[in-house]
K.L.:
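This is the structure I have questions about; it appears just below.
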Amino acid sequence: MSSALASPEAPVAIDPPGTSAPSPASTPPQPGAVQRAGAALRPIAWRILKPSVAIVAFLALWEIAPRVGLVDEVFLPPFTTVVEAFFDLIKSGELWQHVSASLSRALIGFFVAVVIAIPLGIAIAWYRPVSDFLNPILELFRNTAALALLPVFILILGIGEESKIALVIYACTFPILLNTISGVRTVDPLLIKSASSLGLSPVRLFQKVVLPAAVPTIFTGIRMAAASSILVLIAAEMVGAKAGLGYLITASQFNFQIPNMYAGIVAISVLGLTLNAVLVLIERRLSRWRV
């Protein structure tokens, strides 16, 4: 018999016109995938929002307390009133004049202190004769408050820019110096022994092991010094200055421009936060080896 008696082929299904098979890319996401994405995003959102909760609560209390009579609105205006005064000072250019004057003094004194304190701290921590020679005088001056020496700086250097910058240098030097000494001296001895056993010279040992390990502690002192530079300078500007945030606060108080006074205080806070954020970014850049 021929193959004509073979069984017939199975019928082939034909899609109706205008329809096509769904592609894998067009399939909607599964509910489980959406839940997993939401679970992954929640910790990130909370990490971003958590630091803001206390600030928002504080600003809400500042806004509500004067309006409901908990404090006198004349002496503590609502936060929105202070914000309006802040932007009025920006529009008039007065705020930038005072911020630039304070910032220039603070940055000059801060950078001079960094240039002086870090090499000096490394020398004291690394070389015993230098430490024995300088420790007595450093212990004497580090226990003397910077603002207590303000009259001395004014008498010697005058009431101009030099006395204010010198006060900032003095206030910034000791936090950087002490943290540099601590950072270099507290490097893990096992790291130093391991590097020495590999044949590194003292210079390379310090460059590759000691200094990178001391960077986090050094930057702790640098961040403390940045905060001190602003705080000490503001106090100095309140005594004798014709421009600066300290002068703005004092002049606004004397002229009973209370919203402007609080606007100056807010400007100091914003300036301090900005400097700290910049230093944190630099620290992360220089200590990328940390986990």
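Counting begins at 1 with the first residue of the sequence.
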K.L.:
Assess, by modelled atom type and distance only, whether the side chains of Arg105 and Ser100 contain a donor and an acceptor separated by less than 3.5 Å.
P.N.:
no
K.L.:
Between the main-chain N or O of Val99 and the side-chain N or O of Ser102, is there a donor-acceptor pair closer than 3.5 Å?
P.N.:
no
K.L.:
Indicate the atoms forming the closest heavy-atom contact of Ile176 with Val114, along with that distance.
P.N.:
CD1-CG2, 3.6 Å
K.L.:
Phe174 and Leu138: which non-hydrogen atoms are nearest, and at how many Å?
P.N.:
CE2-O, 3.9 Å
K.L.:
Can any side-chain N or O of Asp72 pair as donor or acceptor with the backbone N or O of Val74 at less than 3.5 Å?
P.N.:
yes
K.L.:
Hey, is the main chain of Leu248 close enough, under 3.5 Å, to the side chain of Ser252 for a donor-acceptor pair?
P.N.:
yes
K.L.:
Any sub-3.5 Å donor-acceptor pair from Tyr170's side-chain atoms to Leu147's backbone N or O?
P.N.:
no
K.L.:
Nearest heavy-atom pair of Val168 and Ala106: which atoms, and what distance?
P.N.:
CG1-O, 3.9 Å
K.L.:
Keeping the roles fixed (side chain from His98, backbone from Leu245), state whether a donor-acceptor pair exists under 3.5 Å.
P.N.:
no
K.L.:
Using the ring pair (Phe, Tyr, Trp, His ring centres under 6.0 Å) criterion, which residues pair with Trp96? Sequence neighbours excluded.
P.N.:
none
K.L.:
Using a strict threshold of under 4.0 Å (side-chain N to carboxylate O), is an ion pair present between Lys164 and Glu237?
P.N.:
no
K.L.:
Going by atom types alone, do Thr180 and Arg185 pair a side-chain donor with an acceptor below 3.5 Å?
P.N.:
no
K.L.:
Check for a donor-acceptor pair, side chain of Glu63 on one end and backbone N or O of Phe79 on the other, with a separation under 3.5 Å.
P.N.:
yes
K.L.:
Backbone N or O of Pro175 within a donor-acceptor pair of the Asn179 side chain at under 3.5 Å?
P.N.:
yes
K.L.:
Output the distance between atom CG (Leu271) and atom CG (Asn276), rounded to the nearest 0.5 Å.
P.N.:
11.5 Å
K.L.:
Measure across Cys172 and Ser229 and return the closest heavy-atom pair with its distance rounded to 0.1 Å.
P.N.:
SG-CB, 3.3 Å
K.L.:
State whether the side chain of Thr250 and the backbone N or O of Tyr247 hold a donor-acceptor pair below 3.5 Å, judged by distance alone.
P.N.:
no
K.L.:
Please check: side-chain N/O of Thr81 versus main-chain N/O of Pro77, any donor-acceptor pairing under 3.5 Å?
P.N.:
no
K.L.:
Which heavy atom of Ile124 sits nearest to which heavy atom of Ser131, and what is that distance?
P.N.:
O-CB, 3.3 Å
